[in-house]
Every structure is written in C-alpha cells, then in structure tokens.
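A quick write-up on the structure given underneath.
The residues of the chain are indexed from 1 along the displayed sequence.
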Amino acid sequence: QVQLVESGGGLVRPGGSLRLSCAASGFTFSSYAMSWYRQAPGSERELVASISSAGGSTNYANSVKGRFTISRDNTKNTVYLQMNSLKPDDTAVYYCNTRAGGTYYWGQGTQVTVSS
C-alpha cells in the first residue's frame, strides 16, 4: 500500500532553516509528481510546493518563493523541502502528498514551529 512518511520538522528560530523529508513506498515513485502542503491552526490546508515526476519542473506558493526549495531523489524514493529564512507565519503541520493511480495520498504530517 502507498505510504508517505514525513520527517525533519521541529522548533526553529525566525531566520533559521529546516529540511523536511518524505519517504515514499508502495507505488512507482519516479512516475508521479509530489507536493508539500501545510496547515496552520484554524486555517485551510494550502499547497506549498510541487515537483514533477523527473524533477525538472517545480512550483511554489508566492509566500515561500525564494525561501523554500523542493527537490527529489528518485533513487531513494524521497522528496525534500529545504526551508530557509523561516518566519513565524511558516508555523504549521507540513504534509507530503501525491496523486497516484487517480487517488490522493497523504502522509501523517510533521510539525514545524518557528518561534523565538
């Protein structure tokens, strides 16, 4: 079965950096685009970044452009989100996502808290 397991979240000061990882299994990882979403308390889940199956195309929410970088390693079935210059507004649970075989799959999420 499809599994997405996020890791790398934590508490960081404003201006700091974190790298999130999402390990995928149960499907042909290299065939599907991958995305990162986030959900802050009291807010809807929002798309942060996405990357094409081969990694040649990426898209970002305006709020993270220039600060976050999505990448993937198809040999390790893993997608990453490098987050730099973090702000308190980036505080949220971050989720890995894919649409494989017409079905959307989500990881369990990893908490990112940006606070001094």
Side-chain angles (χ1 to χ4, degrees):
Q1 69 278 24
V2 173
Q3 285 194 318
L4 301 172
V5 180
E6 301 97 336
S7 61
L11 173 64
V12 63
R13 296 184 184 275
S17 298
L18 283 174
R19 189 176 83 152
L20 306 183
S21 300
C22 172
S25 62
F27 65 106
T28 306
F29 180 77
S30 60
S31 295
Y32 296 97
M34 299 293 298
S35 298
W36 285 96
Y37 283 74
R38 67 185 181 187
Q39 187 167 21
S43 299
E44 294 186 354
R45 194 170 295 191
E46 63 173 351
L47 177 64
V48 175
S50 59
I51 187 167
S52 61
S53 58
S57 178
T58 57
N59 289 287
Y60 297 91
N62 287 335
S63 58
V64 307
K65 278 182 182 176
R67 300 188 297 122
F68 290 11
T69 303
I70 188 171
S71 62
R72 66 190 295 161
D73 185 340
N74 286 350
T75 67
K76 296 181 178 180
N77 287 3
T78 301
V79 61
Y80 305 96
L81 185 68
Q82 177 67 44
M83 306 186 294
N84 299 329
S85 303
L86 283 161
K87 306 174 181 179
D89 284 350
D90 295 319
T91 295
V93 178
Y94 284 71
Y95 298 91
C96 181
N97 163 272
T98 191
R99 185 184 179 193
T103 302
Y104 287 96
Y105 296 95
W106 299 89
Q108 82 288 351
T110 186
Q111 176 70 47
V112 172
T113 303
V114 185
S115 175
S116 55

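Note on I70: it clusters hydrophobically with V112, by side-chain heavy-atom contacts below 4.5 Å among ILVMFWY residues. Under the 4.5 Å side-chain heavy-atom criterion for ILVMFWY residues, no single connected hydrophobic cluster contains both V79 and V93.
Judged as a side-chain hydrogen bond (donor to acceptor under 3.5 Å, both in side chains), the pairs with a partner in residues 9-22 (not counting sequence neighbours) are, in order, S17-N84. Annotation: disulfide (SG to SG under 2.5 Å) contacts involving residues 23-52, sequence neighbours excluded, are absent. Judged as a ring-ring contact (aromatic ring centres under 6.0 Å, His included), the pairs with a partner in residues 33-92 (not counting sequence neighbours) are, in order, Y37-W106. The list of salt bridge (charged side-chain N to carboxylate O under 4.0 Å, His left out) pairs with a residue in residues 69-81, not counting sequence neighbours, is empty. Within the structure, disulfide (SG to SG under 2.5 Å) pairs that include any residue of residues 80-116 comprise C22-C96 (at least two apart or interchain).
Judged by distance alone, with hydrogens and angles left aside, the side-chain atoms of N97 form no donor-acceptor pair with the main-chain N or O of M34 at under 3.5 Å. With T98 contributing its side chain and A33 its backbone, the two residues share a donor-acceptor pair below 3.5 Å.
Remark: R99 pairs with no residue by the side-chain hydrogen bond (donor to acceptor under 3.5 Å, both in side chains) rule, at least two apart or across chains. Applying the side chain to side chain contact (heavy atoms under 4.5 Å, CB included) criterion to T110, with sequence neighbours excluded, gives E6, L20, Y94. A search for side chain to side chain contact (heavy atoms under 4.5 Å, CB included) contacts involving S30 returns T28, N74, not counting sequence neighbours. With sequence neighbours excluded, the residues satisfying side chain to side chain contact (heavy atoms under 4.5 Å, CB included) with R67 are V64, S85, K87, D90. In this view, Q111 and T113 satisfy the side-chain hydrogen bond (donor to acceptor under 3.5 Å, both in side chains) rule, not counting sequence neighbours. Residues satisfying the side chain to side chain contact (heavy atoms under 4.5 Å, CB included) criterion with E46, sequence neighbours excluded, are R38.
Shortest non-hydrogen contact noted between Y95 and G109 is CD2-CA, 3.6 Å. Across all non-hydrogen atoms, the minimal contact from V114 to T91 is N-OG1, 2.9 Å. Heavy atoms only, all atoms of each residue included: A92 and A40 are closest at CB-N, 3.8 Å. The shortest non-hydrogen separation linking S53 to S31 is CB-C, 3.6 Å. Residue I51 comes nearest to S71 through the heavy atom pair CD1-CA, 3.7 Å, listed as atom of the first residue, atom of the second, then distance.
How far CZ of F27 is from CG of L4: 5.5 Å, rounded to the nearest 0.5 Å.
Taking a 4.5 Å side-chain heavy-atom cut-off between Ile, Leu, Val, Met, Phe, Trp and Tyr, the cluster of L11 contains only that residue.
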